[in-house]
Amino acid sequence: MGHSAGGVIALQLAAALGARLAGLVLIDTGASAINHGDPQLPQRLREQWGEAFIEAFLRRCVGEAALERHGERLRHYARTCNPERAYRAMCSLRRLDLTARLSEIRCPTLVVHGDRDPARTWQHAMALAEGIADACLVRLDAGHTPMLDCAGPLSQALGDFLTSRNTGRH
């Protein structure tokens with residue numbers, strides 16, 4: 001399972017494991033960073049790291065409602081991050097394009113997309129699902145973090161996916 005940048009890592013692992021992987025769940029991610037979100041984000045992170053940058057980043061990624069509920073923990077976590085390491089990780093992820101490797105993923109896959117995600121579009125989600133042979137695409141009324149925006153519907157989508165895997169129906 002992978003969300004956002006974690007989805008890119010999960011995609012790489014799934015492509016490498018092929019049929020040995022039992023299943024894959026991808027949430028608000030994509031096969032590449034081409035036309036993804038804010039192209040200047042890594043440079044702004046490097047140049048503007050601090051409270052204002054962290055707040056703007058969290059508002060974009062998490063959204064207002066979820067930030068009200070979880071903001072202090074998220075802000076605390078962000079403050080503990082090393083900005084240079086975050087910059088290097090973000091640059092590395094933005095250079096990856098796994099589009100050509102999607103056909104190597106040979107396990108049932110659930111692709112979840114939040115309709116209000118400011119970074120990933122519905123087209124990104126469709127391209128991801130179309131590139132993976134055994135993928136199911138679910139659209140939720142959420143931003144970039146459905147696990148915070150709409151935990152119930154996300155849980156239902158995960159349960160349906162797991163049930164369909166056990167019954168052989170997608």
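Summarising the geometry, atom CG belonging to Leu148 is positioned 8.0 Å from atom NE2 belonging to His3; distances are rounded to the nearest 0.5 Å. Here NE2 of His124 is found 10.0 Å from OG1 of Thr29. Values are rounded to the nearest 0.5 Å. The CG atom of Leu110 lies 11.0 Å from the CG atom of Asp134; values are rounded to the nearest 0.5 Å. Atom CE of residue Met126 and atom CZ of residue Arg139 lie 7.5 Å apart, to the nearest 0.5 angstrom. The CZ atom of Phe161 lies 6.0 Å from the OG1 atom of Thr109; values are rounded to the nearest 0.5 Å. Here the OG atom belonging to Ser155 is positioned 9.5 Å from the CG atom belonging to Asp160, to the nearest 0.5 angstrom.
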Using the rule given for side-chain hydrogen bond (donor to acceptor under 3.5 Å, both in side chains), can you reason through His144 versus Ser4, listing the C-alpha separation, both sets of side-chain angles and the distance that settles it, and then say yes or no?
CA-CA 8 Å; His144 187 65; Ser4 192; 2.8 Å; yes
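No donor-acceptor pair under 3.5 Å is formed between the side chain of Ser92 and the backbone N or O of Arg88. Side-chain atoms of Thr145 do not come within 3.5 Å of backbone N or O of Gly143 as any donor-acceptor pair.
Ala127 approaches Leu102 most closely through the heavy-atom pair O-CD1, 4.1 Å. Considering every non-hydrogen atom in both Ala15 and Ile105, the closest pair reads N-CG1, 3.8 Å. Looking at every heavy atom in both residues, Pro146 comes nearest to Val112 through CG-CG1, 4.5 Å. Residues Leu45 and Pro83 approach most closely at CD2-O, 3.3 Å, considering heavy atoms. The minimum heavy-atom distance linking Pro153 with Cys150 is given by the pair CD-O, 3.2 Å. Closest approach of Pro42 to Cys91, counting heavy atoms only: CB-SG, 3.8 Å.
Arg116 and Asp141 are joined by a salt bridge, as a carboxylate oxygen and a charged side-chain nitrogen come within less than 4.0 angstrom of each other. At a threshold of 4.0 Å, the pair Arg75-Glu55 counts as salt-bridged, since one of the basic side-chain nitrogens sits closer than that to a carboxylate oxygen. A salt bridge links Arg44 to Asp38: at least one charged side-chain nitrogen sits closer than 4.0 Å to a carboxylate oxygen.
One hydrophobic cluster, built from ILVMFWY side chains closer than 4.5 Å, cannot hold both Leu96 and Ile27; they sit in different ones. Hydrophobic clustering (side-chain heavy atoms under 4.5 Å, transitive across Ile, Leu, Val, Met, Phe, Trp, Tyr) groups Val25 together with Leu162. No single ILVMFWY cluster, assembled from side-chain heavy atoms under 4.5 Å apart, contains both Leu58 and Tyr77. By the rule that hydrophobic residues join a cluster once side-chain heavy atoms approach within less than 4.5 Å of another member, Ile9 and Leu98 end up as members of separate clusters. Clustering ILVMFWY residues whenever any of their side-chain heavy atoms sit less than 4.5 angstrom apart, transitively, puts Leu74 in the very cluster that holds Leu154.
For the pair Glu84/Tyr87, a side-chain contact is recorded, criterion being any heavy-atom separation below 4.5 Å from C-beta on. With a 4.5 Å cut-off on side-chain heavy atoms, Trp49 and Asn82 do not count as touching. At a threshold of 4.5 Å between non-hydrogen side-chain atoms, the residues Ile132 and Leu11 count as touching. With a 4.5 Å cut-off on side-chain heavy atoms, Leu140 and Asp149 do not count as touching. Between His76 and Thr80 the shortest side-chain heavy-atom distance falls below 4.5 Å. When side chains are defined from C-beta on, Phe57 counts as touching Leu41, because their heavy atoms get closer than 4.5 Å. Between Met1 and Leu24, every side-chain heavy-atom pair lies at or beyond the 4.5 Å cut-off.
Within 6.0 Å of CZ in Arg79 there are more than 12 heavy atoms belonging to other residues, nucleotides or ligands.
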